Student: 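Provided herewith is a single structure, encoded as structure tokens, for subsequent inquiry.
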Amino acid sequence: MKQNGTMSNIPPKDQMDWEQIESIGDEHIPGSADTPLRDDAFEMDDNTKIEQIAAHFKEIMHIMGLDLNDDSLKGTPHRVAKMYIKEIFSGLNPANKPDVKLFENKYQYKEMLVEKDIELYSNCEHHFVPIIGKAHVAYVPNGKVVGLSKLNRIVQYYAKRPQVQERLNIQIANELKQLLETEDVAVVIEATHLCVSSRGIKDTSSSTVTASYHGVFQQEAKKNEFLNYTK
């Protein structure tokens with residue numbers, strides 16, 4: 001199969017179980033807490049990825065019958081490719097992970113710290129359409145604290161991937177536990193999925209809530225205190 005051209009590495013139709021895919025439909029399929037990535041995911045540099053995605057997206061637009069000679073459309077393949085790599089899926093690349101430094105807890109602050117209403121924009125990995133919502137994160141310092149904006153950056157880094165909300169919730173919580181060297185972490189996400197609201201069932205009123213409680217936040221009183229702050 002050709003490389004670096006308009007031919008993709010997707011298996012031929014007769015090698016894919018289309019009947020199984022159709023039977024699954026919009027069902028939510030559980031998977032690993034790790035984002036599924038190939039071992040060679042970052043052997044190709046960003047510019048080459050943009051070039052190849054642009055070529056493939058140009059072919060998709062052509063198949064749909066769009067006139068790529070039109071002034072409004074001819075730059076679209078490159079714009080989409082650049083957006084994928086540099087913006088909305090930039091969290092796939094570990095090189096873009098936030099550089100987070102910890103500071104000594106000189107105030108001896110020992111209560112929970114809550115950063116709420118952190119805006120997040122992600123994309124459903126089943127249909128590649130947006131997930132839009134907010135995250136609330138909390139931790140109890142264990143000798144070290146982190147700059148507040150870094151909590152936002154961690155949320156945004158893991159959101160900028162093809163995602164399912166459950167995995168996003170777990171990845172943020174695990175990263176905070178490792179970074180802050182404490183189990184006392186809580187993460188709640190509430191989001192609207194455009195794969196639900198803009199297609200399929202087209203339900204524009206529903207939202208999805210996921211939560212991850214660890215350490216002291218598994219205690220009912222501490223959990224309720226956190227949830228009261230996020231109202």
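When reading the values below, keep in mind they use all heavy atoms of this one structure, side chains included, and skip hydrogens, waters and symmetry mates. Bear in mind that the values here come from a model prediction, so they are computed numbers and not experimental data.
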Student: Is any side-chain heavy atom of Ile154 less than 4.5 Å from a side-chain heavy atom of Val146?
Tutor: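 The answer is no, as the side chains (C-beta and beyond) never meet within the 4.5 Å cut-off.
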Student: Look up atom CG in Asp45 and atom CD in Glu51, then write down how far apart they are to the nearest 0.5 Å.
Tutor: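 So the CG of Asp45 and the CD of Glu51 are separated by 9.0 Å.
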Student: The criterion is ring pair (Phe, Tyr, Trp, His ring centres under 6.0 Å); which residues satisfy it with Tyr229, sequence neighbours excluded?
Tutor: none
Student: For atom CD of Glu181, is the number of surrounding heavy atoms from other residues, nucleotides or ligands below 6.0 Å larger than 12?
Tutor: no
Student: Could you tell me if the side chain of Asn93 sits less than 4.5 Å from the side chain of Phe42, heavy atoms only?
Tutor: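 Heavy-atom side-chain distance check passes, below 4.5 Å.
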Student: Considering only heavy atoms from C-beta outward, does the side chain of Pro162 approach that of Phe128 to under 4.5 Å?
Tutor: yes
Student: First locate atom NZ of Lys134, then atom OG of Ser207, and finally report the distance between them rounded to the nearest 0.5 Å.
Tutor: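 If we round to the nearest 0.5 Å, Lys134:NZ and Ser207:OG are 12.0 Å apart.
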Student: Taking atom CD of Gln108 as the centre, does the number of heavy atoms from other residues, nucleotides or ligands within less than 6.0 Å exceed 12?
Tutor: yes
Student: Classify the side-chain pair Thr210/Asn169 by whether it contains a donor and acceptor separated by less than 3.5 Å.
Tutor: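 Note: Thr210 and Asn169 side chains meet the donor-acceptor criterion.
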Student: Is Val140 close to Phe217 at the side-chain level, that is, under 4.5 Å between some pair of heavy atoms?
Tutor: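 Phe217 vs Val140: side chains touch.
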Student: Only counting residues at least two apart or in another chain, list the ones meeting ring pair (Phe, Tyr, Trp, His ring centres under 6.0 Å) with Tyr213.
Tutor: none
Student: Can you tell me which residue pairs pass the salt bridge (Lys or Arg N to Asp or Glu O under 4.0 Å) test with a partner in residues 60-79, sequence neighbours excluded?
Tutor: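 Those involving residues 60-79 are Asp71-Lys74.
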